[in-house]
Structures are given as C-alpha cells and as structure tokens.
Number of protein chains: 2
Amino acid sequence: MPRPIPLDDIDRHLLTLIQADSTRGLHELGEEVGLSASAVQRRLTRYRTSGLLRGEVAVLDPRVLGGAMPSIVLVALDRESAALHAAFHARMLAEPRVQQCYSIAGQWDYVVVHVTEGLAESRALSERLFLGDPNVRRYDTLPAVETIKRGLALPLPEE
Amino acid sequence: MPRPIPLDDIDRHLLTLIQADSTRGLHELGEEVGLSASAVQRRLTRYRTSGLLRGEVAVLDPRVLGGAMPSIVLVALDRESAALHAAFHARMLAEPRVQQCYSIAGQWDYVVVHVTEGLAESRALSERLFLGDPNVRRYDTLPAVETIKRGLALPLPEE
DNA sequence: ACGAGGCACGCAAGAATTTTGCGTCGCGGC
DNA sequence: GCCGCGACGCAAAATTCTTGCGTGCCTCGT
C-alpha cells in the first residue's frame, strides 16, 4: 500500500498549499498554481485514490479549549516480543488523548505525545498506560510548558 | 487571545467529527448531531471567529512520499535569556521540516519533532539547527523507526 | 516521417453544497 | 406579562464542485 507516486512541481506546490489550508477552493488553488479548477480537482482525486492524501482534518487551538497540556513520554519495554509490541500499539491507537507515537532507536523504545487537562491527569494517564503494563520497564514523562509549533505538514522540496 | 468559550454536547460532538474528517458536508454533519445544515454552519463560523478552529489542513501519508523519517530531538539550552529563547522559537517556526516543538520541564528544555529523508539528512538538520546555535548546550536525536500514530486531534470529554 | 493511442488539459453544463434572509420558538430579565 | 436576545429550521440565491466532451501534445510503433 505504501506505493510512492511521481510528483511534478505543480503537485508539490498544490500539496504544500493544501497542507497549510484545505478550504481554499479549486478555482483559487488553480489560479495560484496555474491550472484550471477541474485540472486541480483531478490531481486531488489522484492524491486521494493513491493514498497520498489521507484526509482533511480540522485543527483546534488548545489554548481556546482551556487547560490542554501536552506531555512527551519516553518509554522503554522489557522484552522485544512482536505480540507485546502489537498490544502496545493497539493501546496507543485506542487512547484518544495519545496524539502521536513513534518507535525509536536508542535506549528508549517509544516516544509518546499525549494531551491532558493538567499535570494530575497527565500523571494519571501515564500510569494507566505505562505503569499498568507489566512489559514497560520504565518511562519518563516530560510535561510541556509551552507549545511552540504544532503541525503535520510534510516538507516537499518544490524543485 | 486564548479566550475559552463555553461548549455544549453538540459542540463537542461536532468538533470531534471535524477533527477526524473536515470534508463531510454541513447536511451530513447536521444529520449526525441532530441539527440543520445552517445551524451547523453557524456553529462552525463561531468556532472560526472565536479562534477555536484554527484551520483545516490536508494530511499526507509519509510512506507514499517515499523516505520520510521523523526524528525526535531533545535539546538543552545554556542560558535562560528570553531573547535567546525567542530566537530559538523563530528558527523552529521558520524550518518547514520541524513539525512540532515544545518547551518542557526537566533536564531538557525542548522537544523537537522533525521530518527528513533519511538518517543522513536528519543528522545534518540537527547539526544545522542545534550544533550551529552557541546557546544550545547539548542535544540528543532519537530517529523514529516506525510511526505508530500521528494526529493533532484534541480529546473532547463529550458529556 | 507519419499516424494512432494515451494522457492531461480547458471549457461549459449540470449537480450539489454553501450561504444568507426571514419567520418562529423558548428562555431570562424588566 | 411582555420584550428582547439567541438559536433554530426552512427555502431561495449564490457559489462551488462534478462530469462530459473536444483539443493539443508527447510517445511509440510502423
């Protein structure tokens, strides 16, 4: 399924634009990249059917929601069993407060980013997710003081 | 500017839906939350003008793009000068390959998530961003082996 | 060299969605 | 008890998206 597709300059331009704002209208996008609305449309459907464009989502401002505090958690597992890793993945995917999860190289096995309403809930969530797992050897929770940048946009070389 | 606004159950339901998929059409959304299309529309514009809804963005699949490798970097600064921190923030905001940046409590000052095309470029970017900064005391780059979960959705209690 | 096929494009008609105006209803304050 | 505010649904109007069709360009094969 991860099948790379060839992209030209216009594709990269378009993808950069919709990664910043996906509400802009086919005609308007077409004007910016030098294409008609229908040509833009056909490219977008190509991105969708190829799996490149996974979807479009609304981005909320955590500050307007009141106390939304991200935390970064470093996790080390005991054993390297594939089944245990799969179970861990499933728990991360199932928990809505977990925004991101990467398995990494080095002395830690995972980096998890989760969002809670304050330190107390952050500790409680970490305990439930990691202390409750007998296969988690240790974890270290780094509470975020401030969010400087927050996005998912992938860089596209452009030339 | 971070001014919290009161939300009812329908608001939370709507926000949850558009955080998962913002392409769904006012009528369809209205059907799911039990409102007319225009009522849904009015709520969405309220989210926008209040700053709660920051925008809508396209989410791409890194795997279809070929080699897109995230790395998590832990950074410690030398001094706590506000001006130096501001300069650091500006550099993070200006670099498209930096997806996320949090200032954190503890022995590290920042967590940075950046995306590159492989280990070599990851090292090069880290060196340019952090080794080149005389105020960065030390940094540790953790290359991601696999992305388990990747999103920005904020949890909304719902009741 | 030249013609056939494929691919992407622009244009325009048709379909669908979004936007806006208007009348109604329920709730709280005067 | 009445008035005004806020939110709603409905429907018309405006905009946007979708689709079919004809054209041009590039490539490949004859």
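Just so it is clear, the model here is predicted, and its values are computed rather than measured. Chain letters run A, B, ... following the sequence lines, proteins first, then strands; residues in each count from 1.
Rounding to whole angstrom units, CG of residue A:Leu44 and P of C:dA8 are separated by 14 Å. Distance, A:Asp8 CG to C:dC7 P: 16 Å, rounded to whole Å. Remark: P of D:dT18 and CG of A:Leu29 are 13 Å apart, rounded to the nearest angstrom. Taking atom CD on B:Glu28 and atom P on D:dC17, their separation rounds to 17 Å, with Å as the unit. Atom OH in B:Tyr47 sits about 13 Å away from atom C1' in D:dA7, given to the nearest Å. Rounded to an integer number of Å, the gap from B:Glu31 CD to C:dT18 C1' is 17 Å. In this structure, CG of A:Leu35 is placed 18 Å from P of C:dC7, rounded to the nearest angstrom. Remark: P of C:dG10 and NE2 of A:His27 are 12 Å apart, rounded to the nearest angstrom.
Residues that satisfy the salt bridge (charged side-chain N to carboxylate O under 4.0 Å, His left out) test with A:Arg24, not counting sequence neighbours, are A:Glu28, A:Glu32. Residues meeting the salt bridge (charged side-chain N to carboxylate O under 4.0 Å, His left out) test with A:Arg97, sequence neighbours left out: A:Glu95, A:Glu121. Scanning for ring pair (Phe, Tyr, Trp, His ring centres under 6.0 Å) contacts around B:Tyr102 gives an empty result, with sequence neighbours left out. By the side chain to side chain contact (heavy atoms under 4.5 Å, CB included) test, B:Ser36 is found to be paired with B:Ser38, B:Ala39, residues two or more places apart in sequence or in another chain being considered. For B:Glu31, the salt bridge (charged side-chain N to carboxylate O under 4.0 Å, His left out) criterion is met by no residue, not counting sequence neighbours. Judged as a ring pair (Phe, Tyr, Trp, His ring centres under 6.0 Å), and not counting sequence neighbours, B:His27 has no contacts.
Here D:dG9 is the nucleotide among C:dA8, D:dG9, D:dA7 with the atom lying nearest to any side-chain atom of B:Ala39.
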What nitrogen or oxygen pairs link the protein and nucleotides 19-25 of chain C at under 3.5 Å?
residue, atom, partner, partner atom, Å
C:dT19, OP2, B:Gln41, NE2, 2.4
C:dT19, O5', B:Gln41, NE2, 3.0

Taking protein heavy atoms under 4.0 Å as touching, what does nucleotides 22-28 of chain D look like 5' to 3' if B marks base contact, S marks sugar-phosphate-only contact and - marks none? -------
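Put simply, the side chain of A:His85 does not reach to within 4.5 Å of the side chain of A:Asn135, judged on heavy atoms.
Residue A:Arg24 is out of contact with every strand shown, counting any heavy-atom pair closer than 4.0 Å.
Shown are B:Leu77, B:Ile104, B:Val136; of these, the side-chain contact (heavy atoms from CB on, under 4.5 Å) with B:Tyr110 is made only by B:Leu77.
Among pairs with a residue in residues 138-147 of chain A, those fulfilling side chain to side chain donor-acceptor pair (under 3.5 Å) read A:Ser126-A:Thr141, at least two apart in sequence or across chains.
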